[in-house]
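What follows is one structure encoded as structure tokens, with my remarks underneath.
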Amino acid sequence: MGVQGLLVLLLVGAVAGWLAGIIMKGFGFGLIGNIVVGIVGAFVAGLVLPMVNISIGGGIVGSIIHATIGAVILLFVIGLVKRG
């Protein structure tokens with residue numbers, strides 16, 4: 001992965017984490033927290049969405065939507081574990 005790919009990964013992770021933070025709790029987690037939540041969310045979505053036959057288009061917007069859905073799922077599961 002080159003420098004450009006790494007920068008895109010960090011940007012998508014930051015935006016997806018920020019959006020997931022707004023959707024789930026109403027605030028973000030700081031820059032590093034948003035990036036981590038977004039990147040892990042993209043991994044979660046990569047596992048879960050194909051199982052339910054959901055396909056999102058390509059490009060940067062598709063990647064952000066994909067990662068945001070995964071990050072929301074991740075935050076939802078974390079919230080369930082914290083309550084339990």
Side-chain angles (χ1 to χ4, degrees):
M1 176 182 295
V3 175
Q4 184 179 8
L6 183 61
L7 288 175
V8 169
L9 176 73
L10 293 175
L11 176 68
V12 168
V15 172
W18 174 72
L19 286 172
I22 289 175
I23 291 169
M24 291 302 291
K25 294 187 180 188
F27 58 91
F29 302 101
L31 181 62
I32 301 299
N34 285 346
I35 291 172
V36 170
V37 167
I39 292 172
V40 173
F43 178 73
V44 169
L47 294 174
V48 173
L49 294 182
M51 289 181 191
V52 293
N53 281 336
I54 295 176
S55 178
I56 298 173
I60 191 86
V61 175
S63 296
I64 291 172
I65 293 169
H66 186 86
T68 301
I69 291 170
V72 167
I73 293 169
L74 175 69
L75 293 177
F76 179 74
V77 170
I78 290 172
L80 289 177
V81 170
K82 279 188 173 181
R83 292 181 190 168

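Numbering of residues begins at 1 and proceeds along the displayed sequence.
A search for side chain to side chain contact (heavy atoms under 4.5 Å, CB included) contacts involving Ala45 returns Leu49, His66, not counting sequence neighbours. Residues satisfying the side chain to side chain contact (heavy atoms under 4.5 Å, CB included) criterion with Ile64, sequence neighbours excluded, are Val12, Val15, Leu19, Ile60, Thr68. With sequence neighbours excluded, the residues forming a side chain to side chain contact (heavy atoms under 4.5 Å, CB included) with Val61 are Ile65, listed by chain and number.
Cluster membership check: Phe43 does not share its hydrophobic cluster with Ile32, using side-chain heavy-atom separations under 4.5 Å among Ile, Leu, Val, Met, Phe, Trp and Tyr. One hydrophobic cluster holds both Leu80 and Met24 under the rule that ILVMFWY side chains link at heavy-atom gaps under 4.5 Å.
By the 4.5 Å heavy-atom criterion applied to side chains, Ile35 and Leu31 are counted as neighbours. Leu75 places none of its side-chain heavy atoms less than 4.5 Å from the side chain of Ile23.
Annotation: the span from Leu10 atom CG to Asn34 atom CG amounts to 12.0 Å, rounded to 0.5 Å. Atom CD1 in Ile69 sits 7.0 Å away from atom CD1 in Ile73 (nearest 0.5 Å).
Contact record, Ala16 with Gly38: CB-CA, 4.1 Å, taken as the closest heavy-atom pair.
When Val3, Leu11, Leu9 are each tested for a side chain to side chain contact (heavy atoms under 4.5 Å, CB included) with Leu7, only one passes: Val3.
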